[in-house]
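Below you'll find the structure, written out as structure tokens, and then a few comments.
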2 protein chains.
Amino acid sequence: MATMSSVGQSHLLSPLELRAWRGMLRAHAVLAKALDAQLEEAHNLQLSSYEVLMYLADAEHERMRMCDLASSILLSRSGLTRLVDRLAREGLIERVACDADARGQFAKLTPAGREKLAAARITHLAGVRALFLERFTPEELEMLGGAWDRVIDGAGYSCCKT
Amino acid sequence: MATMSSVGQSHLLSPLELRAWRGMLRAHAVLAKALDAQLEEAHNLQLSSYEVLMYLADAEHERMRMCDLASSILLSRSGLTRLVDRLAREGLIERVACDADARGQFAKLTPAGREKLAAARITHLAGVRALFLERFTPEELEMLGGAWDRVIDGAGYSCCKT
DNA sequence: GTCGTATCGTTGTGCGTGCAACCAGCATGT
DNA sequence: ACATGCTGGTTGCACGCACAACGATACGAC
């Protein structure tokens with residue numbers, strides 16, 4: 001009778017594991033939603049757009065190849081094409097041909113984009129601090145950083161490439 | 001001249017903070033993709049579908065109200081309606097009217113769904129262990145569990161409720 | 001030079017999701 | 001009993017994304 005509905009408990013997660021795992025899923029979901037809403041509210045900017053601007057700002061000459069940008073922000077090439085379309089339409093970035101490779105395109109920050117980012121960055125980083133970073137001690141952050149690296153290249157990283 | 005392109009560093013994240021924060025974003029993305037692919041590969045089941053089956057299996061009588069289920073798996077009500085549609089079409093769950101409240105619907109696990117989950121659970125939990133849990137020590141997991149709680153209810157949790 | 005293969009970016013298409021609107025049914029007050 | 005407001009689930013619609021196919025260009029072998 002005990003074999004009815006919940007056999008196979010042998011592989012289930014312990015409460016400890018469950019808290020750590022599901023906690024991460026929920027925390028990520030909640031954070032992403034909160035930060036995105038915050039950014040949209042304050043600057044009418046989506047999180048994905050913010051990421052593009054940020055990577056561009058931190059790149060040499062404020063420009064990056066579509067390809068590299070796509071893998072930086074974990075988006076498919078086609079997804080990036082459209083995202084760049086939208087941002088270009090808003091005048092925040094522009095496309096620049098690549099002279100070294102005629103197939104290539106650069107996405108390049110415009111002055112408007114630079115300003116937009118400067119403003120958004122303040123909001124966003126404040127949010128990240130308030131909602132995430134402040135919940136950890138420096139030691140914990142240190143630990144996290146290392147653990148993420150283990151997780152990331154443990155998971156094959158087989159995604160991306162394209 | 002130093003005022004050219006990257007002023008306002010004052011609010012930027014320290015390398016420590018950056019590693020912890022971006023690491024989480026990437027880790028989550030990589031994990032989600034890997035686990036989803038794995039589940040789809042092995043059992044032709046999406047992660048969101050798996051979550052539904054799992055919550056149902058763990059619920060009393062293997063059934064839950066649409067509403068509760070939606071907030072459990074962090075999905076909008078409309079999103080859940082369609083997800084349940086798909087799962088019902090595959091015969092893994094069924095809709096059952098609620099006698100206490102004529103508006104209500106239960107999503108209920110079918111025998112086929114129960115079997116599907118039993119198989120998928122093994123795969124999925126093995127994946128979670130291998131890709132995530134094993135990268136942390138028990139102490140670290142303990143710390144994480146607590147931290148996630150702080151993060152989650154710090155972030156307002158203003159999402160959900162539909 | 002030319003051919004075959006790989007890579008870059010774009011486009012067509014389908015899918016999953018959220019939001020808003022909607023209807024049916026509950027709950028409360030009078 | 002009836003009116004009002006609220007809740008649960010579904011539907012129309014728009015959006016963002018991935019996948020596959022495509023044209024253009026690069027790179028290498030011959």
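Keep in mind that the numbers below use all heavy atoms, side chains included, and drop hydrogens, waters and symmetry copies. Below, chain A is the first sequence line, B the second, and so on; all start at residue 1.
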Checklist line | Residue closer to the 5' end of DNA chain D, A/Arg103 versus B/Thr81 (nearest nucleotide) | finding: B/Thr81

Take the protein atom [atom1] of [X] and the nucleotide atom [atom2] of [N], then report the distance between them rounded to whole Å.
X        : N      : atom1 : atom2 : result
B/Glu90  : C/dC15 : CD    : P     : 13 Å
B/Ile93  : D/dG9  : CD1   : P     : 13 Å
A/Met64  : C/dC8  : CE    : P     : 13 Å
A/Gln46  : C/dG18 : CD    : P     : 14 Å
B/Leu69  : D/dT7  : CG    : P     : 20 Å
B/Leu80  : D/dT10 : CG    : P     : 8 Å
B/Gln105 : C/dG25 : CD    : C1'   : 13 Å
A/Leu83  : D/dC15 : CG    : P     : 15 Å

Next item on the list: Over all heavy atoms of both residues, which pair between A/Ala42 and A/Thr123 is shortest? Give the atoms and the distance, please.
Entry: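 Answer, listing the atom of A/Ala42 first, then A/Thr123: CB-CG2, 4.1 Å.
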
Notebook entry, point to check: For D/dA21, does either OP1 or OP2 sit under 4.0 Å from a side-chain N or O belonging to A/Arg77?
Noted result: no

Notebook entry, point to check: Once you round to the nearest 0.5 Å, how far does CH2 of A/Trp148 lie from CZ of B/Arg26?
Noted result: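 One gets 13.5 Å once the value is rounded to the nearest 0.5 Å.
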
Next item on the list: Kindly compute the distance separating CD (A/Glu51) from CG (A/Leu74), expressed to the nearest 0.5 Å.
Entry: 7.5 Å

Check: Between the side chain of B/Ser72 and the main-chain N/O of B/Asp68, is any donor-acceptor distance below 3.5 Å?
Finding: yes

Note to self: From C-beta outward on B/Asp101, which listed nucleotide comes closest to its side chain: C/dC26, C/dT17, C/dC8?
What the structure shows: C/dC26

Note to self: If you only use heavy atoms from C-beta on, which nucleotide in C/dG9, D/dG9, D/dC17 is closest to the side chain of B/Met66?
What the structure shows: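 Of all the options, the side chain of B/Met66 is nearest to D/dG9.
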
Item checked: Donor-acceptor pair present, A/Ser76 side chain and D/dC19 base, under 3.5 Å ->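 Check fails, no donor-acceptor contact within cut-off.
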
Next item on the list: Report yes or no: is there a donor-acceptor pair, N or O only, under 3.5 Å between the side chain of B/Ser78 and the base of C/dC19?
Entry: yes

Check: NA contact type, B/Arg82, heavy-atom cut-off 4.0 Å: base, sugar-phosphate, or nothing?
Finding: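 If one applies the 4.0 Å heavy-atom cut-off, B/Arg82 turns out to touch a base.
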
Next item on the list: For A/Asp68 and for B/Asp99, locate the closest nucleotide of DNA chain C by heavy-atom distance; then report the residue assigned to the nucleotide nearer the 5' terminus.
Entry: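 It is A/Asp68, whose closest nucleotide lies nearer the 5' terminus.
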
Next item on the list: Applying side chain to side chain contact (heavy atoms under 4.5 Å, CB included), run through B/Arg135 and B/Glu140 and close with a yes or a no.
Entry: CA-CA 9 Å; B/Arg135 315 290 169 178; B/Glu140 292 174 335; over 6 Å; no

